[in-house]
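Structure, as structure tokens:
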Amino acid sequence: MKIATWNVNSLKVRLPQVLAWLGENSGIDALCVQETKLRNEVFPAEDIRAAGLHCAFNGQKTYNGVAILARRPLADVVCDIPGFADEQKRVIAATMDGVRLVNVYVVNGQEVGADKYAYKLRWLAALRAYLDNALAQHPALAVLGDFNIAPDDRDVHDPAAWAGKILCSDAERDAFRALLALGLEDTFRRFEQPEATFSWWDYRQAGFRRNLGLRIDHILVSAPLAVRCAACAVDKTPRGWERPSDHAPVVATFDAAPV
DNA sequence: ATGGCTTCTCGTAGAAGA
């Protein structure tokens, strides 16, 4: 089984790339996308179904928005963080093949100390409580998405320049570690990885060509899935395509479930 | 560098992203 996450920065613009990528990567069973920026009424569900995929989506106009595209049916779809008052559409969860998929688009935060930064930390605390409960209900649980946090300095092209800045501040990294402390593992760090592997590059300054990036898109899994995890890697290919998203997809591979 | 680039909007400039 393979699962993936990709911040597409507008599904309206990127749908052809998403379908092309899934066509070229037929082994991927479920893809979580973020920043769809589409109201549910205009979500391209028919185009996705025409490509032989199932989908579940939770969106709004202009900002945010998340969706799951899957080879097989999605069950028990839950939108948002139940009990947490939030207008912004940042979470959708569903079960495929017995695996609970939680797709998250974590708040960016804009700048350390800003109102949006306080919202980010409050939002992460609510996510932690939600995942604590979800882990109790679903032994095989994966949290995939754009976390907008570079967990440590290995995940930053220029740690000195980013020290203490948004996406890298201590409070954000503490919040990320608090998610892991629930019993989740960062699949990427289970394996040897090339140095300077990132999942996002700024559109400006030829960031991708110069590999000026951050690793902020993650796939975290519960212990029963972690022991089955065989690989995790960033696929930089679509970032090099014409008119790309600023993020690249991340893919985690799992051995079949033991019987 | 308060920059750069890309996306969105009852657009044509400003906000937001990261």
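In what follows, chains are A, B, ... by sequence order, proteins preceding strands, each numbered from 1.
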Quiz item: Does Ile68(A) share a hydrophobic cluster with Leu144(A), counting links as ILVMFWY side-chain heavy atoms below 4.5 Å and allowing steps through other members?
Solution: yes
Quiz item: For atom C1', what is the distance between dA16(B) and dT2(B), given to the nearest Å?
Solution: 16 Å
Practice problem: Could you tell me whether the side chain of Lys2(A) and the main chain of Asp29(A) form a donor-acceptor pair under 3.5 Å? | Solution: no
Quiz item: For the pair made of CG in Asn64(A) and P in dT7(B), what is the distance, rounded to whole Å?
Solution: 17 Å
Exercise. Answer with base, sugar-phosphate or nothing: what part of the nucleic acid does Leu167(A) contact at a heavy-atom distance below 4.0 Å?
Key: sugar-phosphate
Self-check item: Atom-pair distance (CG on Leu212(A); P on dA18(B)), nearest Å
Solution: 17 Å
Quiz item: If only atom types and distance count, is the side chain of Asp97(A) paired as donor or acceptor with the main-chain N or O of Val99(A) below 3.5 Å?
Solution: no
Self-check item: Rounded distance in Å between the C1' positions of dT9(B) and dG4(B)
Solution: 23 Å
Quiz item: Contact class for Tyr105(A) (heavy atom, under 4.0 Å): base, sugar-phosphate, or nothing?
Solution: sugar-phosphate
Self-check item: Nearest-neighbour nucleotide for the Ile216(A) side chain, dC8(B), dA18(B), dT6(B) considered
Solution: dA18(B)
Quiz item: Trp201(A) CH2 to dT6(B) P: how many Å, rounded?
Solution: 16 Å
Quiz item: Does the dA18(B) base have a donor-acceptor partner in the side chain of Asn108(A) within less than 3.5 Å?
Solution: yes
Self-check item: Glu35(A) vs Tyr203(A), nearer the 5' end of DNA chain B by closest nucleotide
Solution: Tyr203(A)
Self-check item: side-chain hydrogen bond (donor to acceptor under 3.5 Å, both in side chains) between Asp80(A) and Asn58(A), intermediate numbers included
Solution: CA-CA 8 Å; Asp80(A) 307 315; Asn58(A) 181 29; 2.9 Å; yes
Quiz item: NE2 of His157(A) versus P of dA18(B): gap in Å, rounded?
Solution: 15 Å
Self-check item: Arg128(A) side-chain N/O to Ala175(A) backbone N/O, donor-acceptor pair under 3.5 Å
Solution: no
Quiz item: With a non-hydrogen cut-off below 4.0 angstrom, is Asn7(A) in contact with a base, only sugar-phosphate, or nothing?
Solution: sugar-phosphate
Practice problem: Give a yes or no answer on whether the side chain of Arg190(A) reaches the backbone of Ala230(A) with a donor-acceptor pair at less than 3.5 Å. | Solution: no
Self-check item: Euclidean distance, atom CZ of residue Arg204(A) to atom C1' of dC5(B) [Å, nearest integer]
Solution: 6 Å
Exercise. May I ask you to evaluate whether His247(A) reaches the phosphate of dG17(B), defined as a side-chain N or O under 4.0 Å from OP1 or OP2?
Key: no
Quiz item: So, does Glu185(A) use its side chain to make a donor-acceptor pair with the main chain of Leu225(A) at under 3.5 Å?
Solution: no
Quiz item: Any ring-ring contact (aromatic ring centres under 6.0 Å, His included) pairs touching residues 20-65 of chain A, not counting sequence neighbours?
Solution: Trp6(A)-Trp21(A), Phe43(A)-Phe57(A)
Quiz item: For Asn148(A) and dG17(B), what is the distance between atoms CG and P respectively, to the nearest whole Å?
Solution: 9 Å
Quiz item: Expressed as a whole number of Å, how far does the C1' atom of dG3(B) sit from that of dG14(B)?
Solution: 16 Å
Practice problem: Would you kindly confirm whether Val102(A) and Val66(A) end up in one hydrophobic cluster when ILVMFWY residues are joined by side chain heavy atoms under 4.5 Å apart? | Solution: no
Self-check item: Separation between the C1' atoms of dG11(B) and dT6(B), rounded to whole Å
Solution: 15 Å
Quiz prompt | Inter-nucleotide C1' distance (dT7(B), dA18(B)), Å rounded | solution = 13 Å
Quiz prompt | Heavy-atom neighbours of Glu111(A) CD exceed 12 at 6.0 Å | solution = no
What are the atom names and distances for every N/O pair under 3.5 Å that joins the protein to nucleotides 14-16 of chain B?
from	atom 1	to	atom 2	distance (Å)
dA16(B)	O5'	Lys116(A)	NZ	3.4

Exercise. To the nearest Å, give me how far apart CH2 (Trp241(A)) and C1' (dT6(B)) are.
Key: 18 Å
Quiz prompt | Atom-to-atom span, CG of Asp217(A) to P of dA18(B) - whole angstrom | solution = 9 Å
Heteroatom pairs (N/O) under 3.5 angstrom, protein to nucleotides 10-13 of chain B:
from	atom 1	to	atom 2	distance (Å)
dC10(B)	OP2	Lys61(A)	NZ	3.1

